[in-house]
Q: 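Can you read through this structure? Questions will come right after.
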Amino acid sequence: MQSSSRLSTALTASIVFADGTILRGKGIGAQGTSVGEVCFNTSMTGYQEILTDPSYAGQIIAFTFPHIGNVGTNLEDLEADIPAVRGAIFREDITDPSNWRSRAHLDDWLRSNDVIGICGVDTRELTRLIRDNGAPSAALYHGPNDSDSATPENLVASWPGLAGMDLAKLVTTTNPYVWSQTSWKPHNGFGEQAEAKYHVVAVDFGAKKNILRCLSNVGCKITVLPADATSQDILSYRPDGVFLTNGPGDPSATAEYAVPMIRELLKTDLPIFGICLGHQLLALALGAKTEKMHLGHRGANHPVKDLKTGRVEITSQNHGFVVTRGSLPSGVIETHHSLFDGSIEGISLEGKAVFSVQYHPEASPGPQDSHYLFERFASNMDPD
């Protein structure tokens with residue numbers, strides 16, 4: 001791969017950590033200053049999907065894979081129209097694109113989407129720092145920013161961190177809408193759900209588009225509602241099932257309005273399926289607890305075991321909070337666990353068509369190890 005010659009060799013960017021550590025490199029993307037929690041992602045592909053995942057709100061992503069940019073960017077691999085990520089950190093210069101689907105250089109895409117970045121950073125050193133000390137708060141600075149009088153040091157010192165922060169309201173839809181788009185296929189693009197068998201209400205805590213496409217693939221017409229939708233709002237659509245989406249932030253903060261809604265839905269016989277934040281919120285509604293992880297799980301090579309079948313799935317994950325082991329109440333069954341650290345990766349409710357998983361079955365790292373979960377949800381909505 002040939003490194004891009006578009007970037008200057010000057011050190012025009014820096015990362016300022018809360019403990020005073022400063023890493024310097026070359027600025028890419030937009031100019032300015034942003035502050036957030038720094039985390040690393042071990043995925044070797046899918047950087048555009050990662051950068052547009054709403055679950056990264058409040059975070060600065062360090063990519064451990066050194067060559068980023070080789071497939072460019074396009075209009076299809078977007079998980080959200082507006083990136084919520086606070087910044088991006090790369091080891092090498094952005095690679096020039098070489099892919100038939102590419103429409104724009106990654107540096108141009110970052111700039112046009114107001115995402116600040118830095119390259120030339122020793123991401124091995126940074127990953128070790130995060131591994132040993134946990135995800136740190138930091139300010140990312142690129143180039144002159146005359147409109148912002150606050151220094152990076154002051155910004156990071158005043159940033160409260162993700163614990164206790166409700167970010168779902170920042171990335172959710174503001175108005176209900178209907179989704180019917182199905183998955184992308186080479187040379188044909190996205191499809192359209194023409195004959196839906198089920199009507200699903202998806203509560204949007206930061207939904208990834210490909211999750212909605214996977215639901216549409218199994219015959220669902222989807223009505224997407226804002227994160228603060230009430231049980232009355234949801235039931236007024238007379239759905240066949242309810243989906244609780246992924247999303248960012250501390251689940252205990254989002255739970256203030258989401259848990260009462262979920263508990264009311266649990267009184268019905270509606271099938272419920274949750275992913276990521278939706279999984280954590282369902283667990284809280286059932287009486288379990290959540291906690292912030294030391295590192296979190298972010299990557300596309302996470303092995304998860306189905307405790308019922310013994311089958312191992314290679315999964316994509318992106319979460320910094322987890323359901324606390326030992327907190328599951330009677331009647332809530334652990335269905336999946338992580339083979340990396342033994343953390344809870346899935347639950348179900350005894351006697352109800354209610355289940356959730358911590359990982360992302362739509363992201364296809366296996367590539368389709370976990371697509372059965374969408375089919376399970378659909379079968380739960382079939383009339384007896």
Side-chain angles (χ1 to χ4, degrees), residues 34-37 39 49-61 78-86 135 159-177 179 200-212 215 222-234 242-266 272-286 288-293 296-298 317-324 347 356-360 362-363:
S34 63
V35 62
E37 179 184 271
C39 60
E49 292 95 324
I50 292 166
L51 288 165
T52 55
D53 182 347
S55 296
Y56 277 112
Q59 294 179 305
I60 299 169
I61 308 170
L78 300 171
E79 295 294 357
D81 292 330
I82 301 175
V85 65
R86 295 286 179 92
W159 197 67
L162 294 184
M165 191 175 289
D166 174 24
L167 295 173
K169 285 186 175 179
L170 298 181
V171 295
T172 186
T173 182
T174 55
N175 297 299
Y177 64 92
W179 180 278
V200 170
V201 166
V203 185
D204 177 16
F205 301 110
K208 293 174 67 176
K209 290 184 176 183
N210 209 43
I211 294 180
L212 301 180
L215 288 170
I222 306 150
T223 299
V224 184
L225 299 185
D228 59 358
T230 66
S231 59
Q232 291 85 357
D233 295 333
I234 295 167
V242 177
F243 176 67
L244 308 173
T245 80
N246 64 293
D250 188 337
S252 64
T254 308
E256 291 187 11
Y257 52 89
V259 161
M261 172 270 290
I262 297 171
R263 285 179 175 163
E264 287 300 312
L265 294 178
L266 289 169
I272 299 175
F273 177 26
I275 287 177
C276 198
L277 179 59
H279 157 78
Q280 297 161 1
L281 293 172
L282 176 62
L284 289 171
L286 291 169
K289 297 179 181 178
T290 59
E291 60 186 343
K292 197 174 191 303
M293 305 174 75
H297 292 166
R298 297 177 182 90
Q317 304 204 11
N318 173 20
H319 61 101
F321 292 82
V322 69
V323 176
T324 304
I347 60 172
S356 62
V357 292
Q358 179 63 78
Y359 52 97
H360 282 266
E362 85 292 340

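Each residue takes its place number in the sequence, starting with 1.
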Q: Restricting to non-hydrogen atoms, name the atom on Ala227 and the atom on Val203 that form the minimum distance, rounded to 0.1 Å.
A: O-CG1, 3.9 Å
Q: Can you tell me how far the OG1 atom of Thr245 sits from the CG atom of Leu225, to the nearest 0.5 Å?
A: 11.0 Å
Q: Show which side-chain atoms of residues 272-279 pair as donor or acceptor with protein atoms under 3.5 Å away, not counting sequence neighbours.
A:
| from | atom 1 | to | atom 2 | distance (Å) |
| --- | --- | --- | --- | --- |
| His279 | ND1 | Ser356 | OG | 2.8 |

Q: Excluding sequence neighbours, so at least two apart, what forms side-chain hydrogen bond (donor to acceptor under 3.5 Å, both in side chains) with Lys209?
A: Asp81
Q: Would you check if the side chain of Asp53 reaches a backbone N or O of Ile50 as a donor-acceptor pair within less than 3.5 Å?
A: no
Q: Report the residues that fulfil side-chain hydrogen bond (donor to acceptor under 3.5 Å, both in side chains) with Tyr257, sequence neighbours left out, ordered by chain and then residue number.
A: Asp166
Q: Got a second to check how far Asp250's CG is from Glu256's CD, nearest 0.5 Å?
A: 10.0 Å
Q: Within the supplied structure, the quantity of interest is the number of heavy atoms (other residues, nucleotides, ligands) at a distance under 6.0 Å from Lys292 NZ; does it exceed 12?
A: yes
Q: Do any N or O atoms from the side chain of Gln59 and from the backbone of Cys39 form a donor-acceptor pair under 3.5 angstrom?
A: no
Q: Is any side-chain heavy atom of Ile234 less than 4.5 Å from a side-chain heavy atom of Leu265?
A: yes
Q: What closest approach, in Å, do Ser34 and Ile60 show between heavy atoms, and which atom pair accounts for it?
A: O-CD1, 4.4 Å
Q: Compare every heavy atom of Ser55 with every heavy atom of Pro248, then report the nearest pair and how far apart it is.
A: CB-O, 3.5 Å
Q: Does Thr324 have any side-chain hydrogen bond (donor to acceptor under 3.5 Å, both in side chains) partners at least two apart in sequence or in another chain, and if so, which?
A: none
Q: Closest heavy-atom contact between Ala253 and Gly164?
A: CB-O, 3.6 Å
Q: Just how far is it from atom CG of Leu284 to atom CZ of Phe321, taken to the nearest 0.5 Å?
A: 11.0 Å
Q: Any side-chain to backbone donor/acceptor pair from His360 onto Glu362? Under 3.5 Å, distance only.
A: no
Q: Could you give me the CA-CA distance, side-chain angles and deciding distance for Leu162 and Leu167, then say whether side-chain contact (heavy atoms from CB on, under 4.5 Å) is met?
A: CA-CA 9 Å; Leu162 294 184; Leu167 295 173; 3.8 Å; yes
Q: Got a donor-acceptor contact below 3.5 angstrom from the Asn246 side chain to the Lys208 backbone?
A: yes
Q: First locate atom CD1 of Ile222, then atom CZ of Phe243, and finally report the distance between them rounded to the nearest 0.5 Å.
A: 8.5 Å
Q: If you look at every heavy atom in Pro54 and Glu79, which pair is closest and at what distance?
A: CD-O, 4.4 Å
Q: Can you tell me how far apart OG1 (Thr290) and CD (Gln280) are? Round to the nearest 0.5 Å.
A: 6.5 Å
Q: Can you find a side-chain donor-acceptor pair between Asp204 and Thr173 that sits under 3.5 Å?
A: no
Q: Please confirm whether the backbone N or O of Ala285 pairs with a side-chain atom of Arg263, one donor and one acceptor, at under 3.5 Å?
A: yes
Q: Quick one: list whatever passes side-chain contact (heavy atoms from CB on, under 4.5 Å) with Leu78, sequence neighbours left out.
A: Gln48, Thr52, Trp109
Q: Testing the basics here: between Ala202 and Leu212, what is the closest heavy-atom pair and its distance to 0.1 Å?
A: CB-CD2, 4.3 Å
Q: Rounded to the nearest 0.5 Å, how far does OH of Tyr56 lie from CD1 of Ile61?
A: 5.0 Å
Q: Under the side-chain hydrogen bond (donor to acceptor under 3.5 Å, both in side chains) rule, collect the residues that match up with Thr172, sequence neighbours excluded.
A: none
